[in-house]
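For ligands, and for the atoms within them, numbers begin at 1 and follow the listed sequence. Source: prediction; values computed, not measured.
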Amino acid sequence: MIRLHHVAQARSFRVLWLLEEIGLGCEVVHHSFFDRSLRDPAYLAISPAGRVPALEIDGRAMFESGAILQYLVETREMFGPGRGERPDWLEWIHFAETIAAHLANLTQQHIVLREDHMRSPTVMRLEAKRLEKTLEAVERGLKGEYLLASGFSAADVAVAYGALIGQRFVRLDRLPGVAAWLKRLEARPAFRRAIDRDGPPQIYLRDFYEAPEP
Ligand SMILES: N[C@@H](CCC(=O)N[C@@H](CS)C(=O)NCC(=O)O)C(=O)O
């Protein structure tokens with residue numbers, strides 16, 4: 001049995017979604033950021049920094065969402081790059097974490113730091129701008145309907161998580177290509193199934209987090 005360790009709205013959604021696309025059944029173990037379960041020694045044995053995702057599969061456990069996506073694509077031979085596209089595919093799989101670094105900073109600023117005196121409006125504005133730049137790169141990089149000319153791939157899964165959460169910090173009005181791509185991906189039956197299994201929201205409770213004016 002494949003077992004995914006997951007927190008609703010976290011990067012583990014990438015793995016949940018790709019497993020649904022491939023059609024691999026899995027048990028989802030729902031964790032919370034607030035109950036210390038990710039710091040339990042048993043969990044640290046499979047995810048050494050206590051992060052999600054972790055995936056128990058093929059007799060071992062794996063951490064790092066990009067590595068897990070790549071492993072699933074390579075072992076199940078689905079949703080990889082087309083001929084000649086491997087460099088682009090790898091770039092996008094890893095660029096997903098460039099986007100996610102800004103999401104993590106914005107999440108910390110707007111959500112994790114609860115008191116106003118702990119937050120920096122400058123960092124909030126700067127990180128929202130830097131996130132927007134990464135999404136502009138996606139806007140320019142789209143090749144028709146998806147990131148790769150050959151069609152839907154795990155690269156869309158990896159990067160779309162960034163746009164999905166990123167739209168809570170950056171308005172997509174100026175990024176019509178990204179907005180249309182996201183809509184197209186959200187209409188996929190596997191995406192809908194993954195959303196149904198995601199669990200109640202526990203990180204992002206607002207539709208939009210505005211950076212304070214200077
Ligand atoms: N690069 C890692 C990042 C994993 C990560 O930081 N996940 C966050 C959720 S999006 C987490 O588990 N945070 C819990 C914590 O920092 O304690 C990946 O893509 O798997």
Side-chain angles (χ1 to χ4, degrees), residues 2-22 26 28-58 60-75 79 89-114 118-119 123 127-128 130-131 134-135 138 147 153-170 182 191 194-195 197-206 209:
I2 297 173
R3 187 178 292 129
L4 172 66
H5 295 269
H6 176 61
V7 170
Q9 301 180 309
R11 286 169 176 91
S12 42
F13 182 76
R14 292 171 174 152
V15 179
L16 182 58
W17 178 11
L18 188 64
L19 287 168
E20 288 291 344
E21 292 282 355
I22 295 174
C26 75
V28 178
V29 182
H30 290 270
H31 292 272
S32 165
F33 288 149
F34 309 112
D35 65 3
R36 309 281 307 158
S37 70
L38 299 180
R39 298 295 178 268
D40 188 286
Y43 187 69
L44 292 174
I46 59 172
S47 180
R51 306 293 176 91
V52 288
L55 188 70
E56 297 179 57
I57 185 169
D58 298 342
R60 60 160 295 161
M62 290 186 74
F63 56 92
E64 279 297 326
S65 62
I68 295 170
L69 294 195
Q70 193 168 346
Y71 179 77
L72 288 172
V73 162
E74 288 172 0
T75 56
F79 304 118
W89 185 78
L90 285 171
E91 279 176 351
W92 287 122
I93 293 280
H94 292 272
F95 187 70
E97 278 302 279
T98 297
I99 303 174
H102 301 301
L103 296 180
N105 290 342
L106 285 160
T107 303
Q108 186 173 68
Q109 285 290 322
H110 284 270
I111 298 164
V112 180
L113 301 176
R114 290 177 183 275
M118 298 171 167
R119 300 172 167 160
V123 173
E127 284 297 310
R130 282 165 63 75
L131 172 63
T134 64
L135 295 177
V138 176
L147 288 170
S153 77
D156 295 293
V157 172
V159 175
Y161 172 76
L164 195 67
I165 303 298
Q167 65 187 338
R168 295 177 188 266
F169 299 105
V170 167
L182 208 50
F191 180 96
I195 286 287
R197 300 186 76 187
D198 189 35
Q202 63 161 286
I203 310 172
Y204 308 101
L205 304 180
R206 292 192 209 155
Y209 295 84

Check: H6/H31 side-chain N/O donor and acceptor closer than 3.5 Å
no
Compute the shortest N/O to N/O distance between L38 and ligand 1 and return yes if it is under 3.5 Å, no if not.
no
Would you call the rings of F95 and W92 parallel, tilted or perpendicular, where under 30° means parallel and over 60° means perpendicular?
perpendicular
Any donor-acceptor pair under 3.5 Å linking the side-chain atoms of R11 with those of S65?
no
Closest to atom 16 (O) of ligand 1 among protein heavy atoms sits R51 NE, 3.3 Å
Which of the atoms of ligand 1 are close to A10, meaning less than 4.0 Å from one of its heavy atoms?
9 (C), 10 (S)
How long is the gap from CD on E97 to OH on Y161, to the nearest 0.5 Å?
9.0 Å
Of all the atoms in ligand 1, which lie at a distance below 4.0 Å from a heavy atom belonging to E97?
1 (N), 2 (C), 3 (C), 19 (O)
Given P53, S65, G50, which one has a non-hydrogen atom that is nearest to atom 19 (O) of ligand 1?
S65
Provide, to 0.1 Å, the distance between atom 12 (O) of ligand 1 and the closest protein heavy atom, together with that atom's residue and name.
V52 N, 2.8 Å
Is the H110 ring parallel, tilted or perpendicular to the F169 ring (thresholds 30°, 60°)?
tilted
Within-shell test, R39 vs ligand 1, heavy atom, strictly < 4.0 Å:
yes
To the nearest 0.1 Å, how far is atom 14 (C) of ligand 1 from its closest protein heavy atom, and which atom is that?
F33 CE2, 3.5 Å
Check: of Q9, R14, R11, H6, min heavy-atom distance to atom 8 (C) of ligand 1 comes from R11
